[in-house]
A.B. asks: 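Sharing a structure, written as structure tokens. Questions coming.
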Amino acid sequence: MEYISTRGRGGRVAASQAIASGLAPDGGLYVPDAIPKLEDGELSGMLRASYIERASWILLKYLDEFTAEELADYAVRAYGSGFSHGDVAPLRFTGESTAYLELWHGPTAAFKDMALQMLPHLLTASLKKTGERRRAAILAATSGDTGKAALEGFRDVDGTKVMAFYPVRGVSETQRLQMVTQEGANVNVCAVEGNFDDTQTGVKAIFGEKSFAEELTRRGYVLSSANSINWGRLLPQIVYYVSAYCDYVSSGNIRLGDKLNFCVPTGNFGNILAAWYAKAMGLPIGKLICASNRNNILTDFMRTGVYDRNRDFYCTMSPSMDILISSNLERLLFNITENPELVSGLIEALAQTGRYDIGAELTSRLAGEFYAGFCDEADTMKWIAKVYREDGYLIDTHTAVGRKVLQDYRAETGDETSCVVVSTASPYKFCGSVYGALTGNPEPDTADTAAKLSKLTGLAPPEPLTGLDGRAVRFTDCVEKNGMKQAADEFLGK
Ligand SMILES: *Cc1c(COP(=O)(O)O)cnc(C)c1O
């Protein structure tokens, strides 16, 4: 299998090349030239398999240059001891037709670990396979969770250095503490005066600068990305959709072949795009429900076909979804049109005018696969409290956005198909808002609040989130948007 660019001028490359370079040379994103299918019997074969076995199985379908043994080895290293739940990504049922897919049992307590515990293995192996001798310099823009998960995934991995940039007022206190106390000899963290889109744009600009890349080559580095623009980041996320489907069947609540809907709290469109790939592989998925917070650009896009980022940006209590430029939409647009000229034109329009319009026909095609809705701050609070009261289950702010939009979907369409709500973070990661939802008194995200939440609910916080405020702060730098390159330059040794 080969990989091609969404903009059509990136040639055809092997998977290892796509993963090693992150972005295609024409500025597009790599996608597989054909989506592999789940053959008859494959799903039933996976029903009794472990998460690690399912991961090796799915990855092999996309990475034919890797052996099954190699991939099994990475899967053990990624999803073995680092996850506190034996099932890695368990389903938690609150009724026959509603379950939550808990993707936060990894080392940073949010779903980014599902990909970022795997990516370092895929990336270092890909660099070797492509004959690359330079060390990988990973730069990550983060709305809070990616940065920490990238730092943790790459920490002390031979032949890599990793640096996370975060918007100075755009992450929660827990997320900030997780990053600035990060251990490891090859890591760095830097705050940026701006929001997430500024931060992501800054990282993309560094990637786009040829002379900087040449200078880094002289120093023995190749730039690489841990953001979901990298195929190696998206691919491991397909696995948990297949896994969740298998577990739903095993629960007895649906039969093999029955349709299952997925509701995904969405920001950069990476997670829900992985669900779309799972569906395109033949996984029996009905509707994909795209849930946004008050930054509801995707809701408007799905409903009207107009993507317009000329709008106010809000900082919400679900900060990992405070995004107005959803990079991975580009992959979806390419996959449904297979027209790189059209995609290039739309992306160009977005850069020039901040907006594009895909027209009525494409919009109605999207509506066949996706439903989109959003949830404001008051409803986020309301749904955390409601789910806790009615189902005895504690969810975080992002997951609450998903649950509320699922309710809207069911009310609007009458579709009662069983649905998995993708639970993207531990409630303790956003404990101040969660505590506020249950008590009416929002608190800051501190260890003290986590202790109060634990006392109130009887649930212990995940181990990686305990004792954060007692750890030494290692990183205090904060730069202007246009100072990001210099910060990276200094970290990578003048
Ligand atoms: C990153 C993140 C999201 C959004 O995921 P995308 O892939 O960007 O759509 C949602 N919830 C949490 C907790 C996250 O960390």
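No experiment lies behind these values; they were computed from the predicted model shown. In listed order, ligands and their atoms are each counted from 1.
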A.B. asks: For S320, take its heavy atoms, then give the atoms of ligand 1 lying under 4.0 Å from any of them.
C.D. replies: 2 (C), 3 (C), 4 (C), 12 (C), 14 (C), 15 (O)
A.B. asks: Looking only at distances, can you tell me whether any N or O atom of H398, backbone or side chain, sits closer than 3.5 Å to an N or O atom of ligand 1?
C.D. replies: no
A.B. asks: Give the residue, atom name and distance (to 0.1 Å) of the protein heavy atom nearest atom 2 (C) of ligand 1.
C.D. replies: K112 NZ, 2.4 Å
A.B. asks: Counting both backbone and side chain atoms, is some N or O of S143 under 3.5 Å from an N or O of ligand 1?
C.D. replies: no
A.B. asks: Parallel, tilted or perpendicular: which describes the rings of F301 and Y307, with under 30° parallel and over 60° perpendicular?
C.D. replies: perpendicular
A.B. asks: Looking at ligand 1, would P265 count as a contact under a 4.0 Å heavy-atom criterion?
C.D. replies: yes
A.B. asks: Would you say the side-chain atoms of D197 pair up with the backbone N or O of L324, donor to acceptor, closer than 3.5 Å?
C.D. replies: yes
A.B. asks: Between F111 and Y240, what is the ring plane arrangement, given parallel below 30°, perpendicular above 60°, and tilted in between?
C.D. replies: perpendicular
A.B. asks: For atom 7 (O) of ligand 1, find the nearest protein heavy atom and state the residue, atom name and distance (0.1 Å precision).
C.D. replies: N271 N, 2.9 Å
A.B. asks: Just going by heavy-atom distances, which of T146, N268, D322 is nearest to atom 6 (P) of ligand 1?
C.D. replies: N268
A.B. asks: Should F111 be counted as touching ligand 1, given the test is an N or O pair under 3.5 Å?
C.D. replies: no
A.B. asks: If we check side chain to side chain donor-acceptor pair (under 3.5 Å) with D145, which of these qualifies: Q178, H398, K429?
C.D. replies: K429
A.B. asks: Should you measure from each heavy atom of G267, which atoms of ligand 1 turn up under 4.0 Å away?
C.D. replies: 4 (C), 6 (P), 8 (O), 9 (O)
A.B. asks: Which heavy atom of the protein is the closest neighbour of atom 12 (C) of ligand 1, given with residue, atom name and distance?
C.D. replies: T424 OG1, 3.4 Å
A.B. asks: Ignoring hydrogens and angles, tell me if any N or O in the side chain of R365 forms a donor-acceptor pair with the backbone of I336 under 3.5 Å.
C.D. replies: yes
A.B. asks: Can you name the one residue among W383, Y100, Y388 that meets ring pair (Phe, Tyr, Trp, His ring centres under 6.0 Å) with Y393?
C.D. replies: Y100
A.B. asks: Is the closest N or O pair between T266 and ligand 1 shorter than 3.5 Å?
C.D. replies: no
A.B. asks: Would R169 and E193 pass as an ion pair if we require N to O under 4.0 Å?
C.D. replies: yes
A.B. asks: Which of the numbered atoms in ligand 1 are under 4.0 angstrom from any heavy atom belonging to G270?
C.D. replies: 6 (P), 7 (O), 9 (O)
A.B. asks: Measure centre to centre between the rings of F262 and Y241, then say whether the value is under 6.0 Å.
C.D. replies: yes
A.B. asks: Using distance alone, decide if ligand 1 has a nitrogen or oxygen within less than 3.5 Å of any nitrogen or oxygen in D396.
C.D. replies: no
A.B. asks: Does an N or O from A425, backbone or side chain, lie closer than 3.5 Å to an N or O of ligand 1?
C.D. replies: no
A.B. asks: With no hydrogens and no angle check, just 3.5 Å: does a side-chain donor-acceptor pair link Q200 and N268?
C.D. replies: yes
A.B. asks: Is it the side chain, the backbone, both or neither of M321 that has a heavy atom closer than 4.0 Å to ligand 1?
C.D. replies: side chain
A.B. asks: Counting heavy atoms not belonging to K61, are there more than 12 under 6.0 Å from its NZ?
C.D. replies: yes
A.B. asks: Taking N or O atoms only and a 3.5 Å limit, does D145 qualify as a polar contact for ligand 1?
C.D. replies: yes
A.B. asks: Could you go through D308 and N310, starting from their C-alpha distance and side-chain angles, then the distance that decides it, and tell me whether this counts as side-chain hydrogen bond (donor to acceptor under 3.5 Å, both in side chains)?
C.D. replies: CA-CA 6 Å; D308 189 351; N310 302 306; 2.9 Å; yes
A.B. asks: Is it the side chain (CB and beyond), the backbone, both or neither of F269 that lies under 4.0 Å from ligand 1, heavy atoms counted?
C.D. replies: backbone
